Amino acid sequence: MSKQPKYRQVADALRREIDSGTYGPGARLPSESELSARFDASRNTVRSGLNLLVSQGLISSSQGLGYEVRKHEVFELNASRFENLDFPQHGDAYSTDVTNAGRRPHQTFRVELTTASEYIAQRLKVDADSRAVLRFCHRFVDDVPWSTQATHYPDWLVDQAPRLTEPGDIAEGTTRYLASAGVEQIGYADEIATRMPTPEEARLLDIGAGVPVLLWTRTGYSATRPIRCTITTFRGDLNRMNYEIGDLSARDENEPQ
């Protein structure tokens with residue numbers, strides 16, 4: 001006999017069936033009454049097990065429609081070559097990576113003048129509350145919310161790169177645009193963290209209960225000082241990030257016979 005509470009036994013059994021593909025993405029689970037009979041448990045117990053899976057982001061519930069397995073079509077981002085000017089691109093790095101994966105990119109933009117928070121000011125090495133340019137984009141993959149990206153540029157950069165304040169997309173990507181304006185990014189520092197989403201993040205990214213966000217902060221540097229700080233917020237259930245560092249030629253060698 002399992003020592004786990006009955007509702008956890010229900011949740012564990014359904015989770016195994018979701019993981020094995022018995023109930024695939026978008027599939028509807030049996031009704032509470034059907035599950036109650038299957039597990040010889042009260043409907044309240046079954047409901048508690050289902051709610052546990054909802055809180056873990058595996059299923060969603062709709063009034064009158066029951067429970068459905070959430071769709072998890074993961075997008076993989078190669079963060080080490082993202083914005084690499086030596087890597088062939090068609091448009092910006094996001095559009096290139098999504099298109100190369102056989103998926104469909106779409107994004108909306110907002111550009112505004114702001115004041116730098118203490119967090120941003122520390123990374124840009126400017127005074128807190130000094131003026132900065134914020135370029136904010138809401139990104140989608142196949143019409144599914146994928147990420148939000150907030151990039152902060154120091155005010156001193158605007159004179160040299162005035163297109164930073166223009167509304168809308170910079171077609172070639174801001175990293176390439178800055179390089180063409182004589183401000184080349186030669187290095188960057190990344191910070192990666194996870195947490196639960198704010199209500200606004202949950203709304204923009206259509207995040208279900210129990211799903212965390214992945215925060216990727218990249219501070220870009222010219223030869224002399226920081227030139228931007230980008231905070232990208234990803235849905236934790238739909239994204240995987242990888243880095244490639246050093247010589248990986250051995251990875252492509254044939255397996256020994």
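The structure presented is a predicted model; accordingly, all values stated were derived computationally and were not measured. No hydrogens, no waters, no symmetry mates; every other heavy atom, side chains included, goes into these values.
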inquiry  = Please determine whether side-chain hydrogen bond (donor to acceptor under 3.5 Å, both in side chains) holds for the pair T232 and Q149, giving the CA-CA distance in whole Å, both sets of side-chain angles, and the decisive distance to 0.1 Å.
reply    = CA-CA 4 Å; T232 307; Q149 186 177 84; 3.1 Å; yes

E17/R15 under salt bridge (Lys or Arg N to Asp or Glu O under 4.0 Å): CA gap, chis, key distance, verdict = CA-CA 5 Å; E17 292 174 345; R15 186 186 300 106; over 6 Å; no

message = Between S33 and S36, does the side-chain hydrogen bond (donor to acceptor under 3.5 Å, both in side chains) criterion hold? Intermediate values first, please.
response = CA-CA 5 Å; S33 59; S36 179; over 6 Å; no

message = What verdict does the side-chain contact (heavy atoms from CB on, under 4.5 Å) test give for M241 and I192, after you've listed the backbone C-alpha separation in whole Å, the side-chain angles of each residue and the deciding distance to 0.1 Å?
response = CA-CA 10 Å; M241 183 182 297; I192 298 173; 3.8 Å; yes

Show every donor-acceptor pair shorter than 3.5 Å between a side-chain atom in residues 116-126 and any protein atom, with sequence neighbours excluded, or say none if there are none.
from, atom 1, to, atom 2, distance (Å)
S117, OG, I120, N, 3.3
Y119, OH, T217, OG1, 3.4
R123, NE, E191, OE2, 3.1
R123, NH1, Y119, O, 3.1
R123, NH2, E191, OE1, 3.3
R123, NH2, E191, OE2, 3.3

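Among residue pairs with one or both ends in residues 43-58, those qualifying as salt bridge (charged side-chain N to carboxylate O under 4.0 Å, His left out) are E32-R43, E32-R47; sequence neighbours excluded.
One distance of note links OG1 of T233 with NE2 of H138; it measures 10.5 Å at 0.5 Å rounding. To the nearest 0.5 Å, the span separating CG on L50 from CD1 on I59 amounts to 5.0 Å. With values rounded to the nearest 0.5 angstrom, T151 atom OG1 is found 11.0 Å from I227 atom CD1. Separating the CG atom in L53 from the OH atom in Y7 is a distance of 11.0 Å, to the nearest 0.5 Å. Atoms SG and OH, on C229 and Y221 in that order, are 8.5 Å from each other to the nearest 0.5 Å. Atom CG in L14 sits 9.0 Å away from atom CZ in R16 (nearest 0.5 Å).
Between the side chain of T45 and the backbone N or O of A41, no donor-acceptor pair lies under 3.5 Å. Although no hydrogens or angles enter the test, the distance criterion places a donor-acceptor pair under 3.5 Å between the side chain of Q9 and the main chain of Q4. In this structure, R228 contributes its side chain and H152 its backbone to no donor-acceptor pair below 3.5 Å. Under the 3.5 Å distance criterion, the side-chain polar atoms of D247 are matched with a main-chain donor or acceptor of S249.
Residues that satisfy the side-chain contact (heavy atoms from CB on, under 4.5 Å) test with T115, not counting sequence neighbours, are D129. With sequence neighbours excluded, no residue forms a salt bridge (charged side-chain N to carboxylate O under 4.0 Å, His left out) with R135. Under the side chain to side chain donor-acceptor pair (under 3.5 Å) criterion, D19 pairs with no residue, sequence neighbours left out. For S180, the side-chain contact (heavy atoms from CB on, under 4.5 Å) test picks out Y177, with sequence neighbours left out. Looking at residues two or more places apart in sequence or on another chain, you find no salt bridge (charged side-chain N to carboxylate O under 4.0 Å, His left out) involving E166. By the salt bridge (charged side-chain N to carboxylate O under 4.0 Å, His left out) test, D127 is found to be paired with no residue, residues two or more places apart in sequence or in another chain being considered. Here D159 pairs with nothing under the side chain to side chain donor-acceptor pair (under 3.5 Å) rule; sequence neighbours left out. In this view, Q160 and V183 satisfy the side-chain contact (heavy atoms from CB on, under 4.5 Å) rule, not counting sequence neighbours. For P30, the side-chain contact (heavy atoms from CB on, under 4.5 Å) test picks out Y23, E34, L35, with sequence neighbours left out. For D155, the salt bridge (charged side-chain N to carboxylate O under 4.0 Å, His left out) partners two or more places apart in sequence, or in a different chain, are R131.
Note on L178 and Y188: separate hydrophobic clusters, where clusters join Ile, Leu, Val, Met, Phe, Trp and Tyr whose side-chain heavy atoms are under 4.5 Å apart, directly or indirectly. At a threshold of 4.5 Å between side-chain heavy atoms, the hydrophobic network of Ile, Leu, Val, Met, Phe, Trp and Tyr places W146 and I231 in two separate groups. Hydrophobic clustering (ILVMFWY, side-chain heavy atoms < 4.5 Å, transitive): L52 and V10 are in distinct clusters. No single ILVMFWY cluster, assembled from side-chain heavy atoms under 4.5 Å apart, contains both Y153 and F136.
Listed here is the closest heavy atom pair of V211 and P197: O-CD, 3.3 Å. Between P226 and T219, the shortest heavy-atom distance links the atoms CB-CG2, 4.3 Å. Between A11 and G49, the shortest heavy-atom distance links the atoms CB-O, 3.6 Å. Scanning both residues, I186 and A223, for their nearest heavy atoms gives CD1-CA, 3.5 Å. Counting all heavy atoms, side chain and backbone alike, P145 lies closest to L204 at CB-O, 3.5 Å. Heavy atoms only, all atoms of each residue included: R176 and E172 are closest at CD-O, 3.2 Å.
In this structure, V111 and L134 have side chains that are not in contact, with every pair of non-hydrogen atoms separated by 4.5 Å or more. Taking the side chain as every heavy atom from C-beta outward, T108 and C137 never approach each other to under 4.5 Å. For the pair D169/Q107, a side-chain contact is recorded, criterion being any heavy-atom separation below 4.5 Å from C-beta on. Using a 4.5 Å heavy-atom threshold, the side chains of R104 and D143 count as touching. Between V213 and R235, the closest side-chain pair of non-hydrogen atoms is not below 4.5 Å. At a threshold of 4.5 Å between non-hydrogen side-chain atoms, the residues R28 and L65 count as touching.
Classification of the W216-F234 ring pair by plane angle, with boundaries at 30° and 60°, yields parallel.
Using a 4.0 Å cut-off between charged nitrogen and carboxylate oxygen, R203 and E201 do not count as a salt-bridge pair.
Cation-pi geometry between R225 and W156 is met: under 6.0 angstrom from the ring centre, within 45 degrees of the axis.
Around the CZ atom of R240, the shell of radius 6.0 Å holds no more than 12 heavy atoms that belong to other residues, nucleotides or ligands.
Between V69 and the options L58, L29, T22, a side chain to side chain contact (heavy atoms under 4.5 Å, CB included) holds for only L29.
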